[in-house]
> 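Here it is, the structure, as structure tokens.
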Amino acid sequence: MTERFVVANGIRIFCVDEGDGPLVLLLHGFPESSYSWRHQVPALAAAGFRAVAIDLPGYGRSDKPDVAYNVSWVGACVAGVITGLGHERAVVAGHDWGGLIAWPFARMYPDLVAGVIGLNVPDLPRYDLPPTELFRQLGSSRTQYILDFQERGTAEDNIQKDIDGFVELFLRGPATVRKDVMTNDVLAEYAALFRPEGAITPPLEYYRNMDRNWEIAAEFDDDKIDVPCLMICAAGDPVLPPELAEGMDARVPDVEIVTIDDCGHWTQQEQPEATNQHMLRYLARVPRW
């Protein structure tokens, strides 16, 4: 693997890069980094693709500007990574927050997208209420953390008091089925990203822009995604169960939906072999880009 930076949308984006061929761009979730794709990058490269996993803007070794981390700004960064790497198009794979970026990105930049792979997060319709208001009305303990993250300063202080405990709660908590894969070394890798003072703020800003993303989506949400897509669900994900992907083909007509058993929210890490098999089988049917 090669580690590099790409300048995109005026900031430096950290990339892990391996292989030659059509570009598969991998977008991670929260609280993770490009490291979450460590099992996929070599497998994709060995199959004849150029696999690039980035630290999302504001995460890890990527720059952390003081901006609104909404889908328009982050999408411009992702677009700049694709062209900055010398490619005209990419299959964009997104897990968790990476999925929340990948699906809108396919609508905002259709000329840059050869396909989309969603992990856990399906392409959801735009609801009548802003997300935070919807979560308040639902009153679910499973989404309460999103509301807690809205409190600037308070959320940072609470997390910063115990970074290790915070990371362990997410990666070995109720959303994880195969807790054995989240070894102490894996947890330490992620905890190190958020230990510097202020490093947790940009990732939290993604959550703080959910209502703004809802407003932005009004411009393009009715557009269908016309490229071949793959949706990988996890049978044991308590927050994003496979049922959420039902009816997705109305918005994404050419979508294959699969479910991985014995798997929680951290799909590509909990079940890397099954994830790789589904991704490679899908990529084999996408017209070469």
Side-chain angles (χ1 to χ4, degrees), residues 1-4 6 13-56 59-62 78 81-82 85 87 89-103 105-106 113-122 171 176-178 180-183 185-186 189-190 193 228-234 237 240 256-286 288-289:
M1 298 182 190
T2 298
E3 295 182 348
R4 69 172 75 247
V6 175
I13 305 291
F14 175 77
C15 307
V16 175
D17 185 350
E18 184 175 355
D20 295 303
L23 176 63
V24 181
L25 188 64
L26 306 167
L27 311 179
H28 65 83
F30 177 93
E32 301 170 281
S33 70
S34 54
Y35 180 70
S36 70
W37 298 103
R38 61 195 177 279
H39 304 296
Q40 285 68 51
V41 169
L44 292 169
F49 299 96
R50 184 180 185 184
V52 176
I54 69 171
D55 285 354
L56 288 176
Y59 278 82
R61 283 183 269 183
S62 292
V78 174
V81 169
I82 293 172
L85 289 168
H87 292 262
R89 303 177 79 202
V91 165
V92 181
H95 169 255
D96 186 79
W97 259 105
L100 289 171
I101 295 165
W103 296 116
F105 182 80
V113 178
V116 179
I117 303 173
L119 282 80
N120 300 72
V121 175
L171 299 178
T176 312
V177 170
R178 296 200 55 208
D180 59 303
V181 305
M182 297 301 181
T183 64
D185 288 343
V186 171
E189 180 76 23
Y190 291 125
L193 300 173
C229 297
L230 172 66
M231 178 63 217
I232 301 177
C233 305
D237 190 333
L240 297 161
E256 176 188 3
I257 302 175
V258 299
T259 299
I260 298 178
D261 294 326
D262 190 29
C263 186
H265 181 67
W266 318 101
T267 302
Q268 72 268 33
Q269 298 176 85
E270 293 190 54
Q271 291 287 1
E273 291 185 7
T275 300
N276 293 351
Q277 289 171 4
H278 286 303
M279 291 179 71
L280 291 172
R281 181 172 45 80
Y282 155 78
L283 289 168
R285 77 174 181 88
V286 178
R288 299 297 274 190
W289 64 97

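Please read these numbers as outputs of a predicted model, since none were measured by experiment.
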> Are R38 and Q269 close enough that some pair of their side-chain heavy atoms sits under 4.5 Å apart?
yes
> Quick one: are L119 and Q268 in side-chain contact, heavy atoms under 4.5 Å?
yes
> Do you know which two heavy atoms are closest between A47 and L280, and how far apart they sit?
CB-CD2, 3.5 Å
> List the steps, then state whether side-chain contact (heavy atoms from CB on, under 4.5 Å) holds for W97 with E32.
CA-CA 10 Å; W97 259 105; E32 301 170 281; over 6 Å; no
> Hey, what do you get for SG (C229) to CD1 (I117), rounding to the nearest 0.5 Å?
9.0 Å
> So, taking the atom named CG in L193 and the one named OG in S62, what distance separates them when rounded to the nearest 0.5 Å?
10.5 Å
> Quick one, C263 and V177 - any side-chain contact, counting heavy atoms below 4.5 Å?
no
> I need the minimum non-hydrogen distance between Y35 and E189, along with the two atoms involved.
CD2-CG, 3.4 Å
> Minimum heavy-atom separation for S33 to D55, with atom names?
CB-OD1, 3.5 Å
> How long is the gap from CG on N276 to NE2 on H39, to the nearest 0.5 Å?
8.5 Å
> Supply the atom-to-atom distance L240 CG to N120 CG, rounded to the nearest 0.5 angstrom.
6.5 Å
> Would you say V186 and V181 make side-chain contact, with heavy atoms under 4.5 Å?
no
> Minimum heavy-atom separation for G48 and R288, please, with both atom names.
O-NH2, 4.2 Å
> To the nearest 0.5 angstrom, please state how far the CG atom of L56 sits from the CD1 atom of I13.
8.0 Å
> Can you tell me how far SG of C15 sits from CD1 of I54, rounded to the nearest 0.5 angstrom?
6.5 Å
> Kindly write out the residues that satisfy salt bridge (Lys or Arg N to Asp or Glu O under 4.0 Å) with D180, not counting sequence neighbours, or none if the list is empty.
R178
> Heavy atoms, side chains only, cut-off 4.5 Å: are F105 and I82 in contact?
yes
> Answer whether the closest heavy-atom distance between the side chains of R4 and L85 falls below 4.5 Å.
yes
> What pairs with W289 under ring-ring contact (aromatic ring centres under 6.0 Å, His included), at least two apart in sequence or on another chain?
F49
> Taking salt bridge (Lys or Arg N to Asp or Glu O under 4.0 Å) as the test, write out the residues that go with R61, two or more places apart.
E3
> Using the salt bridge (Lys or Arg N to Asp or Glu O under 4.0 Å) criterion, which residues pair with R50? Sequence neighbours excluded.
D17
> Taking it one step at a time, do H278 and I260 satisfy side-chain contact (heavy atoms from CB on, under 4.5 Å)?
CA-CA 9 Å; H278 286 303; I260 298 178; 3.9 Å; yes
> Does any donor atom in the side chain of W266 or S36 lie under 3.5 Å from an acceptor atom in the other side chain?
no
> Going by heavy atoms in the side chains, are L44 and L283 under 4.5 Å from each other?
yes
> With the side chain counted from C-beta on, respond yes when Y190 and L171 share a heavy-atom pair under 4.5 Å apart, and no when they do not.
yes
> Would you please name every residue forming a ring-ring contact (aromatic ring centres under 6.0 Å, His included) with Y59, sequence neighbours left out?
H28, Y206
> Could you walk me through whether R281 and V258 pass side-chain contact (heavy atoms from CB on, under 4.5 Å), step by step?
CA-CA 12 Å; R281 181 172 45 80; V258 299; 4.1 Å; yes
> Could you go step by step and tell me if M279 and L26 meet the side-chain contact (heavy atoms from CB on, under 4.5 Å) rule?
CA-CA 12 Å; M279 291 179 71; L26 306 167; 4.1 Å; yes
> Which pair of non-hydrogen atoms, one from A102 and one from V92, has the smallest distance, and what is that distance?
CB-CG1, 3.9 Å
> Suppose we screen for side-chain hydrogen bond (donor to acceptor under 3.5 Å, both in side chains). Which residues come up paired with H265, at least two apart in sequence or across chains?
D96, D237
> If you compare all heavy atoms of A114 against all heavy atoms of P228, which two are closest, and at what distance to 0.1 Å?
O-CD, 3.9 Å
